[in-house]
Amino acid sequence: MTTARTRNAAILASTLLLAVTLPASGSSAAGPDPRAAALPIGDPKPVTVQSEAAVTLNARLAAVTTARTINYYPSNAGWSAMWTSFDAARIEADLAKAAALGADNVRIIIFPQAFGYPKPRAEYAERLRKFISIADSQGLTVKLTLFDWWSGYSDAAGSAAWAQAVLAPYADDRRVLSVELKNEFVSTDPAAIAWVRKLIPAVRSAVPRMPLTLSVDGQSGAAGLARIRAALAETPLDYYDFHFYGNSERALAEIRRAQAAVAPDPIVIGETGLSTATSSEGEQATFLARTFAAAATAGVRSVAPWTLYDFADGAIPSNSQVSKVPAQYRFGLYRADGTAKPATWVVRNGWAGNRITDELLDLGFEASPGSSPWRPYLSEEGPIARTRGTARTGAYAARFTGTGRNGSSLPSIRTSPIDPVQAGQTWHAEAWARGAGVTGSNEIALSWFDINDRWLGQTSSKQVAKGDSGWTRLTVDAVAPPGATSVQLHLKSGDNKGTVWFDDVTLSNTGS
């Protein structure tokens with residue numbers, strides 16, 4: 001416990017400064033920084049400094065932008081149920097698991113409806129205090145998100161009073177890194193904009209050294225962040241929270257677009273992930289691997305998976321729309337029973353800064369179907385199977401037999417690299433193939449796409465020989481065209497009355 005506290009103190013400790021809030025870098029407002037100009041409102045309760053050196057805005061912001069953050073609810077009590085059915089023992093065990101995975105920070109969401117509004121109830125304030133204490137005992141700092149499931153924008157004064165009451169005890173508490181004022185803020189809502197313009201100075205008066213942020217949903221993306229930044233020119237934020245749920249093959253382009261939308265202010269990836277209710281566990285792992293790789297290339301150092309656990313049936317409050325969406329139950333790095341998915345290996349290495357190689361892509365077809373990231377295309381045009389006993393190496397190969405076509409498109413299985421794609425790079429792909437009674441078109445190909453998923457073209461290998469053939473190496477070398485942000489490797493078979501097998505695939509960036 002002492003070691004954990006010492007480690008967190010080192011993160012935030014800085015030399016003692018005068019009690020002046022320095023402006024965070026990147027503010028676009030002219031003249032005095034509005035973040036330093038807010039005057040105290042009301043009479044917030046006194047706070048206790050939790051470290052030997054003063055907590056500063058810049059020190060906290062530096063910690064925020066490098067935090068290894070996990071999004072968290074217990075597997076049996078999601079969203080507001082975490083607070084209404086507060087279980088300290090379960091929380092402690094879960095946060096120990098998150099810390100063992102490599103997390104040093106946990107993001108939690110606070111609901112006004114559950115805590116009591118406009119005055120938080122004492123028992124819920126105590127539950128928050130207890131949560132922060134538990135996190136600290138496991139070596140984790142905390143990010144707080146306010147006002148989820150909230151639309152009471154007409155009551156800015158009540159909102160400000162509630163937020164001040166919740167946050168004031170943590171104004172200079174090194175265990176709390178930052179505050180997100182509203183989860184997935186709707187940047188096109190004028191009432192929401194007017195509300196948050198009043199909320200920001202009120203919160204700054206209570207916690208002047210606390211970095212403030214907003215997030216937008218995955219659909220609003222960079223455009224939503226840009227609208228927030230423009231609307232808050234007079235009351236700017238300290239950083240921006242990008243929730244990324246887009247196509248991971250184009251993660252670098254999407255992250256750079258988000259960075260450009262708010263530059264020079266920093267961003268973090270505050271939520272990202274893929275549900276295993278709609279995709280395989282192998283696809284979830286590669287999604288997160290591509291996101292970590294893209295973030296590293298873009299210089300974004302904080303990536304927060306959503307979420308630690310899958311949720312058991314009934315864990316999400318039934319009065320929420322979230323509870324009616326099956327995908328929401330299966331974003332976890334761990335299943336609801338506590339067993340690990342392949343994504344845990346990815347996150348552990350991503351947080352450690354280790355490069356994740358394309359071995360994760362199951363290039364030899366040895367992974368079980370649920371753990372493989374290969375995806376079928378036009379599978380209705382012919383059976384595609386993983387077969388044993390026919391491999392070039394290992395135990396398994398991919399087999400196509402009796403395939404058709406759909407216009408000019410051929411059935412295939414496809415994957416994409418872990419490393420991000422940029423125009424001008426040279427990419428190499430190869431696969432070994434053999435056939436029995438082969439007809440039609442059987443090949444491998446690299447297909448290129450832009451940031452809007454527009455197909456830019458492809459480069460194909462030679463064809464698998466007609467009739468019967470032994471194992472033959474098929475290769476493709478191509479330069480990513482202008483505008484390319486992703487590439488897919490397709491193993492194809494069409495108009496084939498016989499059978500073709502593929503094995504021992506290679507996919508790599510050979511330079512620029």
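In this chain, numbering begins with 1 at the start of the sequence shown.
Atoms CG and CG, from L237 and L232 in turn, are 5.5 Å apart once rounded to the nearest 0.5 Å. Here the CH2 atom belonging to W306 is positioned 5.5 Å from the CG atom belonging to N71, to the nearest 0.5 angstrom. To the nearest 0.5 angstrom, L378 atom CG is 10.5 Å from R405 atom CZ. In this structure, S508 OG and W427 CH2 are separated by 7.5 Å, a value rounded to the nearest 0.5 Å. In this structure, NZ on K182 lies 12.5 Å from CG on D241, to the nearest 0.5 angstrom. One distance of note links CD1 of I384 with OG1 of T387; it measures 12.5 Å at 0.5 Å rounding.
D362 and S372 are linked by a side-chain donor-acceptor pair at a separation below 3.5 angstrom, with hydrogens and angles left out of the test. One side chain, S178 or Y239, offers a donor N or O that lies under 3.5 Å from an acceptor on the other. Under the 3.5 Å distance criterion, with hydrogens and angles disregarded, no donor-acceptor pair is assigned to the side chains of R301 and T65. Under the 3.5 Å distance criterion, with hydrogens and angles disregarded, no donor-acceptor pair is assigned to the side chains of Q488 and T415. Under 3.5 Å, the side chains of K492 and S441 contain no donor-acceptor pair of N or O atoms. Side chains of R107 and N183: a donor-acceptor N/O pair is present below 3.5 angstrom, by distance only. Counted by atom type alone, D310 and Y329 present zero donor-acceptor pairs between their side chains at under 3.5 Å. Side-chain N/O atoms of N105 and T69 include a donor and acceptor closer than 3.5 Å. When only modelled atom types and interatomic distance are considered, D217 and S220 share a side-chain donor-acceptor pair under 3.5 Å. With 3.5 Å as the limit, one finds a donor-acceptor pair spanning the side chains of N442 and S493. For the residue pair T475 and S461, no side-chain donor N or O sits within less than 3.5 Å of a side-chain acceptor on the partner.
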Salt bridge (charged side-chain N to carboxylate O under 4.0 Å, His left out) evaluation trace for K143 with E271: CA-CA 13 Å; K143 290 182 182 179; E271 288 185 17; over 6 Å; no
W432 vs T472, side chain to side chain contact (heavy atoms under 4.5 Å, CB included): CA-CA, chis, key distance, verdict: CA-CA 5 Å; W432 290 80; T472 303; 5.5 Å; no
Salt bridge (charged side-chain N to carboxylate O under 4.0 Å, His left out) assessment of E366 paired with R388: CA-CA 9 Å; E366 300 302 312; R388 188 180 181 91; over 6 Å; no
Test side chain to side chain contact (heavy atoms under 4.5 Å, CB included) applied to T390 and R434, step by step: CA-CA 10 Å; T390 57; R434 74 176 181 90; 4.0 Å; yes
Worked check of side chain to side chain contact (heavy atoms under 4.5 Å, CB included) between I356 and W345: CA-CA 10 Å; I356 301 169; W345 180 88; 3.8 Å; yes
Steps toward salt bridge (charged side-chain N to carboxylate O under 4.0 Å, His left out) verdict (D238, R60): CA-CA 11 Å; D238 299 296; R60 272 177 162 152; over 6 Å; no
Residues T401, N496; criterion side chain to side chain contact (heavy atoms under 4.5 Å, CB included); working and verdict: CA-CA 7 Å; T401 187; N496 181 14; over 6 Å; no
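Listed for the S248 side chain is no donor-acceptor partner under 3.5 Å among the backbone atoms of A251. Side-chain atoms of T145 never come within 3.5 Å of backbone atoms of V179 as a donor-acceptor pair (strictly under, hydrogens ignored). The backbone N or O of S279 lies less than 3.5 Å from no partner atom in the side chain of T276, so there is not a single donor-acceptor pair. A donor-acceptor pair under 3.5 Å is absent between the side-chain atoms of S379 and the main chain of P376, judged by distance alone. Using a distance-only test at 3.5 Å, with no hydrogens or angles considered, a donor-acceptor pair links the side chain of D450 to the main chain of D453. In this structure, the side chain of D358 engages the main chain of I418 through a donor-acceptor pair within 3.5 Å. A donor-acceptor pair is defined here as one N or O able to donate and one able to accept, closer than 3.5 Å; such a pair exists between the side chain of R386 and the backbone of A367. Put simply, the side chain of R330 gets close to the backbone of F311: a donor and an acceptor are under 3.5 Å apart.
Counting only heavy atoms from C-beta outward, the side chains of I444 and S460 never approach each other to under 4.5 Å. Side-chain contact between P211 and L57 is present, with heavy atoms from C-beta onward closer than 4.5 Å. V505 places a side-chain heavy atom less than 4.5 Å from the side chain of L489. Within the 4.5 Å cutoff, side-chain heavy atoms of I70 are placed close to those of L333. For the pair D495/T403, no side-chain contact is recorded, criterion being any heavy-atom separation below 4.5 Å from C-beta on. Looking at R68 and S302, their side chains never come closer than 4.5 Å, going by heavy atoms from C-beta outward. Inter-residue side-chain proximity for R399 and T499 is flagged as met; some heavy-atom pair is nearer than 4.5 Å. In this structure, the side chains of I255 and V300 come closer than 4.5 Å at one or more pairs of heavy atoms.
Taking the six-membered ring for Trp and the full ring otherwise, Y396 and W501 have centroids separated by 6.0 Å or more. Separation of the F185 and F147 ring centroids does not fall under the 6.0 Å cut-off. With ring centers used as reference points, Y73 lies under 6.0 Å from W79.
The existence of a salt bridge linking E249 and R414 is excluded, since no basic side-chain nitrogen approaches an acidic carboxylate oxygen closer than 4.0 Å.
With a 6.0 Å radius and a threshold of 12 heavy atoms from other residues, nucleotides or ligands, R392 has its CZ atom above the threshold. Counting heavy atoms of neighbouring residues, nucleotides and ligands inside a 6.0 Å radius, atom CD of E380 exceeds 12 of them. Within a 6.0 Å radius of NZ in K462, other residues, nucleotides and ligands contribute 12 heavy atoms or fewer.
Ring planes of Y377 and H490: perpendicular class, angle over 60° (limits at 30 and 60°). In this pair, F242 and F244 present their aromatic rings tilted. The plane angle is within the 30 to 60° band.
Considering every non-hydrogen atom in both P373 and G282, the closest pair reads CB-O, 3.7 Å. Scanning all heavy atoms of the two residues, the minimum distance from P411 to G494 falls at CD-CA, 4.1 Å. Counting all heavy atoms, side chain and backbone alike, Q259 lies closest to I267 at CG-CD1, 3.7 Å. Looking at every heavy atom in both residues, A261 comes nearest to A222 through CB-O, 3.4 Å. Counting all heavy atoms, side chain and backbone alike, L288 lies closest to P305 at CD2-CB, 4.5 Å. Nearest heavy-atom pair across L212 and V203 is CD2-CG1, 3.8 Å.
Of the residues R290, Q425, R355, the one that meets the side chain to side chain donor-acceptor pair (under 3.5 Å) test with D419 is R355.
With Y334 as the aromatic partner, K341 does not meet the cation-pi criteria of under 6.0 angstrom to the ring centre and within 45 degrees of the ring axis.
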